[in-house]
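The next block holds one structure in the form of structure tokens; read it before the comments.
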Amino acid sequence: MRRKLGIGLLLAVVTLLVYAPAARNGFVVLNDPSYVVNNPHVRDGLAPAGVRWAWASFREGGYPLAWLSHMLDCQLFGLKPAGHHLMNVLLHVLNTLLLFAVLSRMTGSAGRSAFVAALFAVHPLQVESVAWVAARRDLLGSFFGFLALGAYAAYSAKGGWGRYLLVAAWFVLGLMSAPMVMILPLVLLLLDAWPLQRCKLRSWPVLVAEKLPLVLLSLAMAALTCAARQKAAGAIPAENLTAGYRLAGMAVACASYIGKMFWPRGLAVFYPPPGGVIPWGGVLPGAAILLAMTTLAVLVRRSQPHMLMGWLWYLGALLPAIALALPGERAMADRHAYVPLVGLFIMIVWGVAEAASGRGQRGLGVAGAVVLLALAVQAHAQVGSWRSSETLFRRALAVTADNWFAEYALGNVLAADGRVDEAIGHYREAVRIQPGYLEPRRQLGLVLSARAQTDEALWQYMEALRRRPDDIRVRLGLAATLLAMDRPEEAMEQYREALRLDPNSVDALNNLAWMLVTGRAPASAERKAALDYAGRAAAATPRRDPVVLDTLAAAYAANGHFKKAAETARQAIDLARGGGRNALAAEIEQRLALYEKGRAWNGNPGIPE
């Protein structure tokens, strides 16, 4: 026991040292804003309304415990990123210790279990899951999954419904945290074969039947997850991804993770997918590697059962993650390997240890220490690449080729920082690499229009519209550009088309209403239409947006409802001042003076900011 405690303490200290730079990292633009920074349910901490929202998300494929953990962070640390990052590191430390405890109990080998846990702790492929705040669910789901494995070890040794229910309880908590936990019933069956060897005491049908309640839970969660995934739009529309493309992508990804495990260089936050074309240059070697590994594991399954168990753990844990991710923007992601790597580590550690002679054990230990040190040094450096959004995407561009998403994302970061010239260059490069990817083209049109380069902005929007005529954001950007070019009739036509695509678009409703009442002396029908549009926009906001209320006030005045116009304008002024938008408040005050005199506003038709 004392030896195990010492090993556990050493594992914890090493893991903390490797991930210490995470405390200096900030939030990044990938999901951190929508998950934490800009999420009102999460930012308020463990408020009753937020807790109810988190639990309600479960019905739509959400993960309430992951949300609650983010809320707890905000309760404890506010929006200071250091606390959020350190909580991720703490969970990774706990996962490392749990993995060591579970493996050492099941196998009786503390030394080999410690080495597997050390590889799990410090391998650079694990950095994304730990250094990314938004990846919390992977860490939390793994935490409950490892607790379920520990409870299963106790159940397999002593039996009893109470111990089985404890396994199920940890499993349910894991399902409420992350989708990866769905593969737990398969992992339990693998453990029955090795190292628990329960298959020698009970028949396989009995062992499978024992897992059926857990399987039903997994299937229910899988159905919720798949339904949620179908609602999400990716860079490549899901309908364009054939079954052959998906299978090819799985083969390439499975083989690629193995390569990155042995040689973890060129790690990036985003690996560009092949754009709907089957990458035969990677498929054939990948399929050959998978076939060879599967054949080897099957051939030695009696003499070295850990090989087949580890290999099936790897495939079983990885394939569902890849299958769910392919319809989106990521062909593969380092965080998907967080738990699957455990299977490969078991294969390697037990395989090498049993192959080594007794005299080679000391040399094996030295070699293992050198490997761990090298991995830890690289992981420590990899954590630093997550320092900011800019360092993250510059790292991706440095180690990958034709990375259109990293170009686009870095352009967004630079544009937000006011470095528009640099941003334009990255947007252009993203468009060059992936002409069909809409976002960089749309953003390029936006920044060009803002810099009065309206001719090129118009071309970008028209090209985007040709590729995606049903995209409302392109319509809105095109309308703004046409307005800047003093082509208001064409701009209004784009706003009307945007409303056809989305009758509840606040931007289209507000901007069209504003143009109708301020561009020229509006006809009676136009005044009534403007009031309808502005009223719908105000109801959708709900009456908390000063720009929308300013438009509604102008529409009231245009229709002769000057008292309502003045009341609405005052409310808009209060909201604008409360939000620090003093220039907007001053403009609305000028219009308010007209409404109080019984006059409508027919000024500049430009859309207020």
Side-chain angles (χ1 to χ4, degrees), residues 8 11-12 14-23 25 27-28 30-32 35-36 42 54 62-77 81-102 116-150 170-184 187 221 225 267 269 317-318 320-321 324-325 330 333-343 345 379-380 382-383 386:
L11 287 170
V14 169
T15 307
L16 288 171
L17 290 174
V18 169
Y19 287 94
N25 292 355
F27 294 113
V28 297
L30 287 178
N31 293 345
D32 284 355
Y35 281 28
V36 179
V42 173
Y63 305 97
L65 292 187
W67 288 122
L68 290 173
S69 75
H70 286 305
M71 292 176 187
L72 177 61
D73 286 358
C74 289
Q75 187 78 33
L76 296 175
F77 314 114
H84 297 254
H85 284 293
L86 290 176
M87 192 67 77
N88 271 20
V89 174
L90 175 61
L91 280 170
H92 186 52
V93 171
L94 292 175
N95 288 341
T96 299
L97 297 178
L98 284 171
L99 177 60
F100 167 64
V102 168
V116 169
L119 287 171
F120 175 83
V122 305
H123 198 284
L125 270 174
Q126 308 290 55
V127 168
E128 180 172 296
S129 294
V130 185
W132 188 14
V133 170
R136 169 68 55 80
R137 69 185 189 186
D138 297 332
L139 298 168
L140 194 62
S142 301
F143 174 71
F144 289 119
F146 287 138
L147 284 173
L149 294 184
W170 291 129
F171 180 46
V172 169
L173 292 176
L175 290 175
M176 292 181 178
S177 304
M180 67 163 67
V181 189
M182 288 186 288
I183 56 93
L184 182 71
V187 173
M221 192 65 224
T225 302
L267 302 184
V269 68
L318 185 60
L324 289 173
R330 287 184 162 210
D334 293 353
R335 64 185 178 84
H336 293 158
Y338 187 72
V339 169
L341 283 178
V342 173
F345 294 154
H380 186 273
Q382 185 74 10
V383 173
W386 286 80

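Please read these numbers as outputs of a predicted model, since none were measured by experiment.
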Sidechain-backbone polar pair: N95 side chain, L139 backbone, donor-acceptor under 3.5 Å: yes
Kindly give the heavy-atom pair with the smallest separation between L97 and G8, and that separation in Å. CD2-O, 3.2 Å
If every non-hydrogen atom of S177 is compared with every non-hydrogen atom of Y63, which pair is closest and at what distance? O-CB, 3.4 Å
Side-chain heavy atoms of M180 within contact of S142, under 4.5 Å: yes
Going through the checks in order, is the side-chain contact (heavy atoms from CB on, under 4.5 Å) test met by V130 and V127? CA-CA 5 Å; V130 185; V127 168; 5.9 Å; no
Taking salt bridge (Lys or Arg N to Asp or Glu O under 4.0 Å) as the cut-off, I'd like each qualifying pair that reaches into residues 67-76, sequence neighbours left out, listed once. D73-R136
What donor-acceptor contacts under 3.5 angstrom involve side-chain atoms of residues 116-125, with partners at least two apart or in another chain?
| from | atom 1 | to | atom 2 | distance (Å) |
| --- | --- | --- | --- | --- |
| H123 | ND1 | L125 | N | 3.1 |
| H123 | NE2 | M261 | O | 2.8 |

dist L76:CG -> L86:CG (nearest 0.5 Å) comes out at 12.0 Å
Any side-chain heavy-atom pair of L68 and M71 under 4.5 Å: yes
Donor-acceptor check, side chain of N88 to backbone of W132, threshold 3.5 angstrom: yes or no? yes
For L65 and L173 the tightest heavy-atom approach is CD1-O, 3.3 Å
Can you tell me how the ring of Y338 sits relative to the ring of H92, calling it parallel under 30°, perpendicular over 60° and tilted otherwise? tilted
Interatomic spacing from CG in L184 to CH2 in W170 - rounded to 0.5 Å: 13.0 Å
Before giving the answer on side-chain contact (heavy atoms from CB on, under 4.5 Å), spell out for M87 and V133 the whole-Å C-alpha distance, their side-chain angles and the decisive distance to 0.1 Å. CA-CA 9 Å; M87 192 67 77; V133 170; over 6 Å; no
Can you tell me how far the CE atom of M176 sits from the CZ atom of R137, to the nearest 0.5 Å? 15.5 Å
Main chain of S129, side chain of D138: is a donor-acceptor contact present, judged purely on distance under 3.5 Å? no
Indicate the atoms forming the closest heavy-atom contact of A82 with A23, along with that distance. CB-O, 3.4 Å
Atom CG in L91, atom CG in L98: separation rounded to 0.5 Å? 10.0 Å
Value for CH2 (W386) from CD (E128), rounded to nearest 0.5 Å, stands at 4.5 Å
Heavy-atom nearest pair, L17 first then P21, reads O-CD, 4.2 Å
Review item, side-chain donor-acceptor pairs of residues 143-150, under 3.5 Å, at least two apart:
none

Measure from the side-chain N and O atoms of D32 to the backbone N and O of A134, and report whether any donor-acceptor pair falls under 3.5 Å. yes
Nearest-0.5 Å distance that lies between atom CD in Q126 and atom OG1 in T15: 10.5 Å
Is there a donor in the side chain of H84 and an acceptor in the side chain of Y35, or the other way round, less than 3.5 Å apart? no
